[in-house]
Amino acid sequence: MSSHGDPIPMTARKGGALRGTAHVPGDKSISHRSLILGALSVGETKITGLLEGQDVLDTGRAMASFGAEVINHGEGNWSVHGVGVGGFAEPDHVIDCGNSGTGVRLIMGAMATTPIRATFTGDASLNGRPMGRVTDPLALFGAQAVGREGGRLPMTIIGADEPIPVRYTVPVPSAQVKSAVLLAGLNAPGHTVVIEQEVTRDHTERMLSGFGADLSVKQTEEGRVITLIGQPELTPQSITVPRDPSSAAFPVCAALISEGSDVLVPNIGLNPTRAGLFITLQEMGADLTFENEREEGGEPVADLRAKFSPDMRGIEVPPERAASMIDEYPILSVVAANATGKTVMLGVKELRVKESDRIDAMARGLEACGVTIEETEDSMTVHGLGPSGVPGGATAQARLDHRIAMSFLCAGFAAQKPISIDDGGPIATSFPIFEELMTGLGATLTRDDP
Ligand code: S3P
């Protein structure tokens, strides 16, 4: 089942070359944070290029439930009239975050130090994901959480009456956990300190500073130490959201594996905490170049050009790179299947608690398509079959996971026989224009009868 409707079975077939320019949507991480930080400022934040995917729309609706005014002006232009730090009102209904772990975890953090209660739920995927990693540190501020067995949603958070600032070392490499703690720290008096041993995406830190919070970052022996001084007045901003590198990954990788392709993907955010996939692809021998490199809105940006790359070879992807490409392993495993030799991905156990268990989802689906996979709890190895070497001819289960759905469709563009997925509905959570964008480049992609 898709997250919001009937299943949409789809099939991808090998066709001609992919050619043209692919304008992918705005960055999902930055879009969520724009709405949340806008809601926590006093006055009007203007957002251009917001990702209008279901995940972000659910966060926008949630911010309205907490009292902010969220207005869609059309064509990706939105505004948020915020209520200020500590100004959230108690929602009078359950907050449905749909498929979005980022949405629910960041919002829980943002409300946990205000004396209100809110009940959160999501779709079958989100309601199966662990929330303890966020509610444990929120309890240190004085918030309480009552959820289902195993710390799962639906869950009620009772915000702290008199929050106390915390010093917290994040036990797993997770930008969602780090961000939840920082957002909670906004309404706690004094210094909230978050320490991460592995650097994860730093959009929350960059954006909090941009909104006027007093935040400093130091690299020490303990790790990366982020210190936030609580109870600032955040100043509304005008934000231009860069285009999403995690979405760019799909047309880029599809072009690399499809004969004769040459695709330009402009204006992609290349924050180093997000760009691990592109380094990996270049190490594999991909014909991938960064053009027109520049800085926009405090984030590095470039135009990506990807051409068919028949000489790609398998490599070992080091564990220390995992956080900077955590959402890209599914599509990397498709590229690896079309490369020559073995690609070993290490330190990837976080993939097991994403929208689906992404190691299992990719391994089972690729095996059904004729690819040999080895997996451990923390690694995945793909035995490449060379350019267009994947037999295909199978249906993969998308498991309510947008990135699994798109990865198997991209695999189908280069496989010998078509590859189908049971449900393309979840693609709308992050990349609602995927189908038209890929067919616009010349891909053969159809919707099948349910
Ligand atoms: C995100 C952080 C990552 C990533 C997710 C978006 C964010 O999750 O997988 O798609 O915007 O903070 P984790 O924090 O669980 O690693």
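As a basis for the values below, the full set of heavy atoms in this structure was taken, side chains included, without hydrogen atoms, waters or symmetry mates. Just so you know, ligand 1 is whichever comes first in the structure, and atom 1 is the first atom listed for that ligand.
- Using modelled atom types, one finds a donor on one side chain and an acceptor on the other under 3.5 Å when comparing Ser379 with Thr376.
- Classified by interplanar angle (parallel below 30°, tilted 30° to 60°, perpendicular above 60°), the ring pair Phe250/Phe431 is tilted.
- Formation of a donor-acceptor pair under 3.5 Å by the Ser65 side chain with backbone atoms of Arg61 is found in this model.
- Protein residues are said to neighbour a ligand when one of their heavy atoms lies under 4.0 Å from it; for ligand 1 these are Ser29, Arg33, Thr102, Pro173, Ser174, Ala175, Gln176, Arg201, Ile326, Asp327, Lys354.
- Sequence neighbours left out, the pairs with a member in residues 318-327 that pass side-chain hydrogen bond (donor to acceptor under 3.5 Å, both in side chains) are Arg201-Asp327, Thr280-Arg321, Glu283-Arg321, Asp327-Arg358.
- Salt bridge annotation for Arg352-Asp378: absent, with no cationic side-chain nitrogen under 4.0 angstrom from a carboxylate oxygen.
- Side-chain contact annotation: Thr381 with Glu375, donor-acceptor N/O pair under 3.5 Å absent.
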